[in-house]
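Here is the structure we will look at.
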Amino acid sequence: MSVVCLCYNQARFVEEAINSVRSQTYDNIQLIVVDDASTDNSAAIIQQIVSKHPSIEYLLLPENVGNCAAFNRGLALAKGEFIIDLAADDVFMPERIERQVEFFSTLDASYGVVFTDAIYIDERGKFLREHYAYLFWKKLLKAIPEGDVYRHVLSRYFICSPTMMVRKQVMDELHGYDETLSYEDFDFWVRSSRNYRYAYLDRKLTKVRRSARSMSTGWYRQGDRQLHSTYLVCKKALLLNRTEEDHRALALRLKYELRQSVFSENRAEADQFYIFLRETGRSGVVDRLLWLLNKFRLPLSYLRHWYHRIKYN
């Protein structure tokens, strides 16, 4: 079992994250800590921990390469049958690894990922909310998909990625994360779920740290590089799709990202998503209205006024 803990400027939290791995009830753990050229004193804190616990493998990168590439550096050292990607500000419950390894032992080789529920905490470690309770409360989810989740991960967000345990075989076949992207989870979900099934373990085994502000807003920021990465993943998905249902799932994603791009005033990305959607033959009147709102550069206050009036079937 290998845990790759990725740190970038998480001096306040990295010790707690590492200690949460060291405190696991499961013993056979390879812990790899990668510091992606932090500019705070994260590296010094990690080095101090490693000096006391030399079994921890530590990579200090000379320059910042971003989450995907930094994780891949750690993945190259991983020897375990399973992999967990741990952000240095998140925290494992003591029994997390034991429970997920036990659950994997009940599954056949067609299952590549086990995911769980999660608790969100703020920067001080105080409770914010539970992952699935919130999605159910907001009526964003009626049931938690399992098994063949390809269309589900393509069309909507429902997995809390820090809760995942992944067979190393899956990571190896995908050659890790795509380093051309600014974030990893959507691309990983789409590519891995095409060939492997996902299983849900109904336990809260991870505390995922979020600021109250980041939890309360559903908007992208202007200039957010994640939008273009999402567009690139959608392009990949078009090539992976096999059925009409797959294409409908992709269209739902494109409609959602178009709306988000328009209402966050990421105008270039809004154009890209609309053109892509139109090329699939699944654009409608609402999509064209969104594109026109974007084209004529109406002020954000006006766009937000329209947000709650636009509904998709």
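On a predicted model such as this, the values are computed, not experimentally measured, just so you know.
Closest approach of D35 to A43, counting heavy atoms only: OD1-N, 4.1 Å. Here the shortest heavy-atom pairing between A17 and L86 reads O-CD2, 4.0 Å. Closest heavy-atom contact between I83 and A78: CD1-CB, 3.6 Å. The two residues L141 and P145 come nearest to each other via the heavy atoms CD1-CD, 4.3 Å. In terms of heavy atoms, C160 sits closest to V208 at SG-CG2, 3.8 Å. Between S2 and K79 the shortest heavy-atom distance is OG-N, 3.3 Å.
Side chains of L293 and R288 form no contact here, defined as non-hydrogen atoms less than 4.5 Å apart. Looking only at side-chain heavy atoms (C-beta outward), E179 and N72 come within less than 4.5 Å of each other. Inter-residue side-chain proximity for S161 and F188 is flagged as unmet; no heavy-atom pair is nearer than 4.5 Å. Proximity of L181 to D187: side-chain heavy atoms (C-beta onward) are separated by under 4.5 Å at one or more points. For the pair Q24 and I29, the minimum side-chain heavy-atom distance is below 4.5 Å. At a threshold of 4.5 Å between non-hydrogen side-chain atoms, the residues R151 and R248 do not count as touching. Counting heavy atoms from C-beta on, the side chains of T206 and R96 come closer than 4.5 Å. Using a 4.5 Å heavy-atom threshold, the side chains of Y198 and Y150 count as separate.
If you chain together hydrophobic residues whose side chains sit under 4.5 Å apart, V4 and M164 fall into the same group. Follow the hydrophobic side-chain contacts under 4.5 Å out from L75 and you reach V113 in the same cluster. The cluster map of Ile, Leu, Val, Met, Phe, Trp and Tyr, joined by side-chain heavy atoms under 4.5 Å apart, puts I144 and Y157 in the same cluster. Follow the hydrophobic side-chain contacts under 4.5 Å out from W189 and you never reach Y111; the two are in separate clusters. The hydrophobic cluster containing V34 does not contain I45, counting ILVMFWY residues as joined when their side-chain heavy atoms lie under 4.5 angstrom apart, directly or transitively.
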When you look at E123 and R12, which way does the salt bridge (charged side-chain N to carboxylate O under 4.0 Å, His left out) test go after all the steps? CA-CA 9 Å; E123 293 181 350; R12 294 168 58 193; 3.7 Å; yes

- From CA spacing to verdict: ring pair (Phe, Tyr, Trp, His ring centres under 6.0 Å), H152, Y200: CA-CA 14 Å; H152 299 285; Y200 173 64; over 10 Å; no

Given side chain to side chain contact (heavy atoms under 4.5 Å, CB included), test L31 with S55 step by step and report yes or no. CA-CA 8 Å; L31 175 56; S55 63; over 6 Å; no

* Asked: Run the side chain to side chain contact (heavy atoms under 4.5 Å, CB included) check on V3 and I32 step by step: do they pass?
  -> CA-CA 6 Å; V3 176; I32 304 161; over 6 Å; no

* Going through the distances and angles, do D246 and R242 end up as a salt bridge (charged side-chain N to carboxylate O under 4.0 Å, His left out)? -> CA-CA 6 Å; D246 293 345; R242 298 169 182 167; 5.9 Å; no

Give the intermediate values and the outcome of side chain to side chain contact (heavy atoms under 4.5 Å, CB included) for residues F115 and L201. CA-CA 6 Å; F115 64 101; L201 176 60; over 6 Å; no

| task | Decide side chain to side chain contact (heavy atoms under 4.5 Å, CB included) for M165 and M1; before the verdict, give the C-alpha distance in whole Å, the side-chain angles of both, and the deciding distance to 0.1 Å. | result | CA-CA 10 Å; M165 178 180 284; M1 171 69 235; 3.6 Å; yes

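The structure places CG of L292 at 11.0 Å from CG of D287, a figure rounded to the nearest 0.5 Å. The CD atom of E257 sits 10.5 Å away from the CD atom of E269 when rounded to the nearest 0.5 Å. With values rounded to the nearest 0.5 angstrom, D27 atom CG is found 10.5 Å from I97 atom CD1. The CZ atom of R225 sits 11.5 Å away from atom OG1 of T230, with the distance rounded to the nearest 0.5 Å. Atom OG of S182 is separated from atom CG of D224 by 7.0 Å, given to the nearest 0.5 angstrom. In this structure, the separation between NZ on K204 and OH on Y132 is 11.5 Å, given to the nearest 0.5 Å.
For the side chain to side chain contact (heavy atoms under 4.5 Å, CB included) test with L290, the passing option among V285, L277, V262 is V262; the others fail. Here the options are N41, D36, T39, the test is side chain to side chain donor-acceptor pair (under 3.5 Å), and the partner is N9; only T39 passes.
A side-chain donor-acceptor contact under 3.5 Å links T163 to the backbone of T116. Side-chain atoms of R194 come within 3.5 Å of backbone N or O of L240 as a donor-acceptor pair. Checking side-chain atoms of Q30 against main-chain N and O of I56 turns up no donor-acceptor pair under 3.5 Å. A side-chain donor-acceptor contact under 3.5 Å links R73 to the backbone of A69.
With salt bridges taken as basic N to acidic carboxylate O contacts below 4.0 Å, none links E95 and R203. Taking the charged nitrogens against the carboxylate oxygens, E16 and R209 do have a contact shorter than 4.0 Å, which makes a salt bridge. Here K236 pairs with D178 in a salt bridge; the nearest charged N to carboxylate O distance falls below 4.0 Å.
The distance between the ring centers of F273 and Y256 does not fall below 6.0 angstrom. Aromatic ring centres of F104 and F82 lie closer together than 6.0 Å.
Within 6.0 Å of CD in Q48 there are 12 or fewer heavy atoms belonging to other residues, nucleotides or ligands. Within a 6.0 Å sphere centred on CD of E15, heavy atoms belonging to other residues, nucleotides or ligands number 12 at most. Atom CD of E81 has 12 or fewer neighbouring heavy atoms from other residues, nucleotides or ligands inside a 6.0 Å radius.
In this structure, R156 is not positioned above the aromatic face of F158 in the sense of NZ or CZ being under 6.0 Å from the six-membered ring centre and within 45° of the axis. Annotation: cation-pi pair R210/Y120 absent, no NZ/CZ under 6.0 Å from the ring centroid and within 45° of its normal. A cation-pi arrangement is present between R253 and F186 under the rule of less than 6.0 angstrom and at most 45 degrees off the ring axis.
Relative orientation of the Y231 and F276 rings is perpendicular, given thresholds of 30° and 60° on the angle between their planes.
Side-chain contact annotation: Y196 with Q169, donor-acceptor N/O pair under 3.5 Å present. No side-chain donor-acceptor contact under 3.5 Å links S42 and Q10. With hydrogens and angles left out, the side-chain atoms of N241 and H247 include a donor and acceptor closer than 3.5 Å. N67 and Y177 are not linked by any side-chain donor-acceptor pair at a separation below 3.5 angstrom, with hydrogens and angles left out of the test.
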